[in-house]
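To start, the structure itself, in structure tokens.
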Amino acid sequence: RMAQTASPGTGLIPLRTPAKSPGEVVAAIKAHADAKKWVYMGANSVKPKQGEVTMVKVCIPQVGGILWPVGLHLSALLPCGNVGVYQKQGGAEVAMLHPRYMQILYPHPEVERAVGVATPLLMEMLDVIAK
């Protein structure tokens, strides 16, 4: 089955609903990335008709370090931290692309290892920023 048939918050797109504004969530992601010495690649906002969405990107250097020796073409899978932050029912909602997408798109033992490194780190970030 294709991922888009799943309900929101399941499968490859875990969701959190923090008691923060979208701007506070974006700041928390940046603070978390900085504290972990990750690369904060930035935040860009767009305004579809449903409301503003801020797309935040973070890169975990050790994940890139696993992928790039396989081939620089795997840079297309990065960054492994892809997060959307938006307003929903008066509060913020956070959606993150689960790092498992990398293994689905490019099955390879080193990609699987990179997913194993990225997953607990990014899920921890999602839980920390949702507090």
Heavy-atom side-chain proximity of P18 to K131 below 4.5 angstrom: no

Among residues at least two apart in sequence or on other chains, which ones pass side-chain contact (heavy atoms from CB on, under 4.5 Å) with D34? K30, Y40

Please name all residues satisfying side chain to side chain donor-acceptor pair (under 3.5 Å) with K20, sequence neighbours left out, ordered by chain then number. none

Which residues pass the ring-ring contact (aromatic ring centres under 6.0 Å, His included) test with H32, sequence neighbours left out? W38

What are the two closest heavy atoms between C80 and L122, and how far apart are they? O-CD1, 3.2 Å

Please list all pairs meeting salt bridge (Lys or Arg N to Asp or Glu O under 4.0 Å) that have one or both residues in residues 71-95, counting only residues at least two apart or in different chains. K88-E93

Before you tell me yes or no, could you show the steps for M125 and I29 under side chain to side chain contact (heavy atoms under 4.5 Å, CB included), namely the whole-Å CA-CA distance, both residues' side-chain angles and the distance that decides it to 0.1 Å? CA-CA 7 Å; M125 179 192 76; I29 294 170; 4.1 Å; yes

I need the full list of ring-ring contact (aromatic ring centres under 6.0 Å, His included) pairs touching residues 108-131, with sequence neighbours left out, sorted by first then second residue. none

Identify all side-chain donor-acceptor contacts of residues 96-103 below 3.5 Å with residues at least two apart in sequence or on another chain.
from : atom 1 : to   : atom 2 : distance (Å)
H98  : ND1    : R100 : N      : 3.0
R100 : NH2    : G11  : O      : 3.1
Y101 : OH     : L77  : O      : 2.3
Y101 : OH     : P79  : O      : 3.2
Q103 : OE1    : E112 : N      : 2.9

Which donor-acceptor pairs under 3.5 Å do side chains of residues 49-70 form with protein atoms, sequence neighbours excluded?
from : atom 1 : to  : atom 2 : distance (Å)
T54  : OG1    : S45 : OG     : 2.8
K57  : NZ     : N82 : OD1    : 2.8

Mind checking salt bridge (charged side-chain N to carboxylate O under 4.0 Å, His left out) for E124 and listing every partner two or more places apart, or none if nothing turns up? K36

State, with a plain yes or no, whether a side-chain heavy atom of V94 is found less than 4.5 Å away from one of L15. no

Would you list the pairs meeting ring-ring contact (aromatic ring centres under 6.0 Å, His included) in which at least one residue belongs to residues 73-94, sequence neighbours left out? H73-Y106

Can you pull out every ring-ring contact (aromatic ring centres under 6.0 Å, His included) where at least one residue sits in residues 110-131? Sequence neighbours excluded, please. none

With hydrophobic residues grouped by side-chain heavy-atom distances under 4.5 Å, do L72 and V39 end up in a single group? no

Minimum-distance pair of heavy atoms, taken over all atoms of A92 and V25: CB-CG2, 4.1 Å

Could you see if V26 belongs to whatever hydrophobic cluster contains V128? Use Ile, Leu, Val, Met, Phe, Trp, Tyr and a side-chain cutoff under 4.5 Å. no

